[in-house]
Structures are given as structure tokens and as C-alpha cells.
Amino acid sequence: MAKKELDTRFSKFGTVSFTSITKTNDFVGYLEQGKVMGTKCKSCSIKFFPPRADCYKCLSSDMEWFEVAGKGKLLTFSRLQYGPVGFEGDLPYSIAVADFGDYKVFGRLASGIAENDIRVGMEVKAVVHSLPNGQVNYVFEKA
Ligand SMILES: [Zn+2]
């Protein structure tokens, strides 16, 4: 019987990780290099964020990584007064969806952006953020 290896890289992502194994663990390795990455289907060119290992459109598993670069436009945001387990100490904070053209990115707005400055349509960029406990995530900053 082959030894089963546990790939736990995803446990480094975010404040609290609920995922132990995924086919897209390279995502965290890229974050540690300062890059926010999604996946692109090599056969039909559709882009995915969060990264997917399999394309729902053409069912191919032939994927390549691309960097979430440049500016996105804020589509919507929500100010959270209650957070999931592990995020209570960060409240209140804002989550948002930004449109990068041919893909959209869901994420959290950097705490440095004042609540009154948040506007739908504002330009943002996805930036890797290291947490004090050694974890990594990404946030939106003003572009
Ligand atoms: Zn595809």
C-alpha cells in the first residue's frame, strides 16, 4: 500500500484555514512569492479565481497559472459586523468583489482604506499580505 502524503500547504492561507488538501495548493506557494494567482484553462482560455484545477465549461484539467495583476474595478462590497470563526478580532472589515475584465476576484479590502472612501467603481489591486502569525493572504488596496 502506497504511503499517503498529506499536502498541507493550504493551511498557511488566511487567518484560519478550513481546507487541508486541494489540487490548487500552488496558490499558497505563489502567495509566499508575493503573487496572487488564478488558473486559466488551456483549452478554452476561461480564467478562474479562486483557482480551479478543472474547467467546468469544457471539462479539461489542462490548466496554467496566471497572475492577478493590474487594476480591477470594485463591483460590490459589504461591511461585516459579524465574522466567521477566527475573524472576530478583525471586525469590522469589508469584503468585496472586483472586476478584472475577464475574471472577477473576491477578497477583503485592506484595513487602511477608510470606510467612507470605499466606492463602487473605485480601482483596486490585489496585494499579498503577511499576517503576524506567519500566515499569508491577499487584500485589495487602492490602485
Ligand atoms: Zn475549459
Side-chain angles (χ1 to χ4, degrees), residues 1-88 90-113 115 117-143:
M1 202 174 164
K3 188 181 165 215
K4 200 174 173 187
E5 286 192 28
L6 192 61
D7 184 343
T8 58
R9 281 177 289 167
F10 234 90
S11 63
K12 273 211 84 174
F13 176 65
T15 308
V16 176
S17 179
F18 299 97
T19 313
S20 58
I21 306 173
T22 84
K23 288 163 85 177
T24 52
N25 265 341
D26 286 343
F27 178 69
V28 179
Y30 283 122
L31 281 182
E32 290 181 316
Q33 295 167 35
K35 293 177 183 171
V36 182
M37 304 286 276
T39 53
K40 181 184 171 187
C41 174
K42 283 188 185 175
S43 63
C44 75
S45 296
I46 189 170
K47 288 179 175 175
F48 297 103
F49 192 93
R52 295 174 60 111
D54 308 293
C55 179
Y56 68 76
K57 195 174 166 197
C58 72
L59 307 180
S60 168
S61 296
D62 193 12
M63 292 282 186
E64 62 186 358
W65 290 92
F66 73 92
E67 186 170 3
V68 174
K71 296 173 185 176
K73 275 205 160 71
L74 201 68
L75 281 182
T76 184
F77 66 95
S78 183
R79 186 85 172 159
L80 301 188
Q81 301 295 339
Y82 296 92
V85 172
F87 296 87
E88 303 92 335
D90 296 347
L91 292 167
Y93 62 88
S94 298
I95 53 172
V97 177
D99 186 354
F100 281 77
D102 46 359
Y103 59 95
K104 293 179 178 67
V105 177
F106 171 83
R108 186 166 155 171
L109 286 165
S111 53
I113 304 176
E115 189 178 355
D117 285 348
I118 303 171
R119 297 273 182 278
V120 167
M122 71 188 265
E123 291 186 320
V124 294
K125 56 186 177 180
V127 178
V128 175
H129 181 59
S130 295
L131 301 169
N133 61 3
Q135 303 281 104
V136 284
N137 67 7
Y138 64 91
V139 293
F140 292 126
E141 287 182 355
K142 275 188 184 177

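Whatever order the structure lists ligands and atoms in, that order sets their numbers, starting from 1. If you're wondering where the values come from, they're calculated on a predicted model, not measured in any experiment.
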Practice problem: Give the intermediate values and the outcome of side-chain contact (heavy atoms from CB on, under 4.5 Å) for residues Val128 and Val36. | Solution: CA-CA 7 Å; Val128 175; Val36 182; 3.8 Å; yes
Quiz item: Around atom NZ of Lys47, are there more than 12 heavy atoms of other residues, nucleotides or ligands at under 6.0 Å?
Solution: yes
Exercise. Spell out the protein N/O/S atoms under 2.8 Å from the Zn ion (ligand 1) as residue plus atom name.
Key: Cys41 SG, Cys44 SG, Cys55 SG, Cys58 SG
Quiz item: Among all residues two or more places apart in sequence or in another chain, which pass the salt bridge (charged side-chain N to carboxylate O under 4.0 Å, His left out) test with Lys35?
Solution: none
Self-check item: Sequence-distant partners of Leu75, side-chain contact (heavy atoms from CB on, under 4.5 Å), two or more places apart
Solution: Val97, Asp99, Lys104
Self-check item: Ring centroid separation Phe140 to Phe77 under 6.0 Å
Solution: no
Practice problem: For Glu141, check salt bridge (charged side-chain N to carboxylate O under 4.0 Å, His left out) against everything at least two apart and list the hits. | Solution: none
